Amino acid sequence: MDKRTGRHLKNIILKGRPHVGGITYDPEHDLLWVCGRKKARAQLFAIKLTTIRQYPADQPQKPIQYQYSTLLKSITRASLVSYHDGALWVGYFNIFGDSNGPVVSGFSGH
């Protein structure tokens, strides 16, 4: 969406098991981080802003390419992610007990 006008720009197909309730933007590296899950582990993946801009709006049929992907060892699910002061903060919500988080992870962009 265009943040100024609210106009819809394009849909993006994500591969894997994304949880787009957990999404954040890293302005230092121009990356969109999204929560996911792989092999019963929490996962984070990132998409460069340039990749999003180049993704075809007319007929998106293939999933967008992720530039970075990482499995989180300390939690099995990721429901939320936030970027602050050079770190990604990741956690999850659990309706049956205590939620976990944040897991703090520095990211150098490489």
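These numbers come from a predicted model, not from an experiment. Positions are given from 1 along the sequence.
Across all non-hydrogen atoms, the minimal contact from L14 to I64 is CD2-CG2, 3.8 Å. Between Y83 and E28 the shortest heavy-atom distance is OH-OE2, 2.9 Å.
V90 and Y25 fall into different hydrophobic clusters, where Ile, Leu, Val, Met, Phe, Trp and Tyr are joined by side-chain heavy atoms under 4.5 Å apart, directly or via other members. L71 and I75 fall into different hydrophobic clusters, where Ile, Leu, Val, Met, Phe, Trp and Tyr side chains are chained together by heavy-atom contacts under 4.5 Å. I47 and V20 fall within the same hydrophobic cluster, defined by Ile, Leu, Val, Met, Phe, Trp and Tyr side-chain heavy atoms under 4.5 Å apart, directly or through other members.
Going from atom CG of D26 over to atom OH of Y68 covers 10.0 Å, rounded to the nearest 0.5 Å. Between Q54 atom CD and Q65 atom CD the span is 12.0 Å, to the nearest 0.5 Å. Taking NZ from K48 and CG from D30, the interatomic distance works out to 10.0 Å, rounded to the nearest 0.5 Å. To the nearest 0.5 Å, the span separating CD on Q67 from CG on L49 amounts to 10.5 Å. The structure places OG1 of T24 at 12.5 Å from CH2 of W89, a figure rounded to the nearest 0.5 Å.
Remark: K15 NZ is packed, more than 12 non-hydrogen atoms of other residues, nucleotides or ligands lying under 6.0 Å away.
With F45 as the fixed residue, the side-chain contact (heavy atoms from CB on, under 4.5 Å) test singles out one of L32, V34, L31: V34.
Using modelled atom types, no side-chain atom of R37 and backbone atom of G16 make a donor-acceptor pair closer than 3.5 Å. A distance-only check finds a donor-acceptor pair linking the side chain of K10 to the backbone of Y55 [under 3.5 Å]. Checking side-chain atoms of R41 against main-chain N and O of K73 turns up a donor-acceptor pair under 3.5 Å.
Residues Y66 and Q43 have side chains not in contact (no heavy-atom distance under 4.5 Å, counting atoms from C-beta outward).
Hydrophobic cluster membership for L9: none, as no Ile, Leu, Val, Met, Phe, Trp or Tyr side chain comes under 4.5 Å of it.
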Practice problem: Could you please spell out the steps behind the side-chain contact (heavy atoms from CB on, under 4.5 Å) verdict for C35 and L44? | Solution: CA-CA 5 Å; C35 291; L44 284 180; 4.0 Å; yes

